[in-house]
Amino acid sequence: MNKRMGWLLFCCFLLSGLNAQHPVKTRKRLQREVIRCINASAQQYKVMMQRLDADRFPVTWYAKDDKLVTSGSEPWVGGFYPGALLYLFEYTKDSSLYKEALRKMQVLEKEQYNKTTHDLGFMMYCSFGNAERLEPKPGYKEVLVNSARSLASRFNEKVGCIRSWDSDPGRFMVIIDNMMNLELLFEATKMTGDSSFYRIAVTHANTTMQHHYRPDYSSHHLVIYNPKDGNVLKKQTVQGAADSSAWARGQAWGLYGYTMCYRETRNPQYLEQARHIAQFLLAHPRLPADKIPYWDFDAPRIPNAPRDVSAGAVICSALLELATYTSGKESRGYLRAAEKMLQSLCSPAYRAAIGENGGFLLKHGVGNYPKNADIDVPLIYADYYYTEALQRYWKLGTKGRL
Ligand code: GLY
């Protein structure tokens, strides 16, 4: 999609029904629905709890043979289940959810010293970060700061980025997903007063803004740099449909990442970036009417391509935050789009009935399409950002911001 066409479509989006006041009745209904979904999600995770071994983390579930796929603490997904439990506990105050989160965090804790991954933000901030926010403990702070140190050890001054994948030492690989790990670094500076974490985070965000983004504000998945001089060697995809395509979850990571960077720095460049990304997504001619994207905006066989509910949940949560940093029609547009997404996510089209879906909350995610792995399945990260979006919407309501 070219830049001019993008702006035109975005203006149409703002001028369409979305600029009107959301009817009060519909909004009140959605607020009630969100509370129902939080309570139902808490019930559903009790089903998950029964199935899960003490030292394992849920990843996905295969309906065919009722197989719950789990992992140890090392892969990138370990923080999502405890994090989602904490969001659900925050509203329900159900202590069994809290206890289950703390049990899983004990297993996860050792990853604070893991220097072989860039995913420490996902793993440690979604879990320990939320736990610290709800009931601060000195032990959590220590885990978070150690995790930030491990993450910062992967930063290369020449490139101006944190390394994502280690597979080839001669090629410094950075994926757009890495924007999500910066929140942990911002938090570490707040906790310690050591500004080096903050500096690494903004340097990474700036380099990514320069090299990952195309003129239409869609993002490449992977940029490969020369680790010796920081020159870009290649831009490509691994999880998307093509090197030139817009892989949906990658776009979602970018939108969320730059919105979060604006929250942490108040640098207007990050807000501009987030607004442009939102514009790309919301005005996209291939964003379906229910606003849950196909797994790639350029996927073959659209409209018969699978949706990715995880991208939808991340975008929904990010838009709820972005709406609070903008004003007037623009802010209302983001809020209305997020509400449409929440309506979809809360509907039976995406939300599983209690006791079904292997104990996961949402259906219809895509893990890695090109690898033919985890297509049209539940995904733990979809659940996490869904619980976060529910939480954010509930809180906006309690603050009178809806
Ligand atoms: N960070 C891996 C993914 O989004 O699939």
Side-chain angles (χ1 to χ4, degrees), residues 57-61 69 71-81 83-84 108 111 114 116-127 147 151 154 161-167 173-184 204-205 208 212 218-224 236-243 245-258 260 277 281 292-297 299 305-318 360 362 364-386 388-389:
F57 294 82
V59 181
T60 183
W61 172 77
V69 180
S71 74
S73 60
E74 321 78 43
W76 72 286
V77 294
F80 296 124
Y81 177 56
L108 197 57
E111 301 304 330
N114 185 347
T116 69
T117 177
H118 74 138
D119 286 320
L120 286 160
F122 284 124
M123 294 156 73
M124 310 312 272
Y125 193 75
C126 296
S127 51
S147 303
L151 179 58
R154 300 177 64 79
C161 274
I162 296 161
R163 184 176 221 134
S164 294
W165 296 331
D166 287 342
S167 42
M173 302 197 200
V174 183
I175 54 174
I176 187 65
D177 321 30
N178 209 340
M179 285 299 300
M180 299 296 284
N181 294 309
L182 307 182
E183 201 168 359
L184 172 66
H204 183 102
T208 300
H212 262 81
S218 68
S219 161
H220 290 276
H221 179 205
L222 168 65
V223 176
I224 305 176
Q236 64 172 93
T237 197
V238 176
Q239 283 172 248
D243 289 348
S245 76
W247 172 50
R249 198 161 56 250
Q251 313 314 306
W253 295 144
L255 174 68
Y256 191 113
Y258 282 101
M260 175 274 295
I277 300 168
L281 294 171
I292 306 302
Y294 298 101
W295 70 277
D296 190 305
F297 282 86
R307 305 295 188 88
D308 179 17
V309 79
S310 73
V314 175
I315 293 168
C316 177
S317 186
F360 287 86
L362 294 179
H364 306 310
V366 172
N368 191 331
Y369 193 96
K371 254 178 103 179
N372 200 19
D374 298 343
I375 298 169
D376 198 16
V377 292
L379 294 166
I380 191 61
Y381 34 100
D383 280 12
Y384 174 82
Y385 290 100
Y386 170 60
E388 184 179 84

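When a ligand or atom number is given, it counts from 1 through the structure's own listing order. Reckoned from all heavy atoms, side chains included, excluding hydrogens, waters and symmetry mates.
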| query | What atoms of ligand 1 come closer than 4.0 angstrom to any heavy atom of Trp253? | reply |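 That gives atoms 4 (O) of ligand 1.
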
| note | Shortest non-hydrogen pair, Met180 vs Tyr385, comes out as CE-OH, 3.3 Å

| task | Determine whether the side chains of His212 and Ser219 contain a donor N or O and an acceptor N or O closer than 3.5 Å. | result | no

| query | Is there any N or O on Asp177 that sits under 3.5 Å from an N or O of ligand 1? | reply |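 Yes, since at least one N or O of Asp177 sits under 3.5 Å from an N or O of ligand 1.
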
| said: Checking the N or O distance criterion of under 3.5 Å, is ligand 1 in contact with Gln239? | reply: yes

| query | Which residue and non-hydrogen atom of the protein lie closest to atom 4 (O) of ligand 1, and at what distance in Å? | reply |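 Protein heavy atom at minimum distance: Arg249 NE, 2.9 Å.
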
| said: Tell me which pairs pass salt bridge (Lys or Arg N to Asp or Glu O under 4.0 Å) where either residue lies in residues 174-184, with sequence neighbours left out. | reply: Glu183-Arg263

| Ring-ring centroid check Trp76 Phe57, cutoff 6.0 Å | no

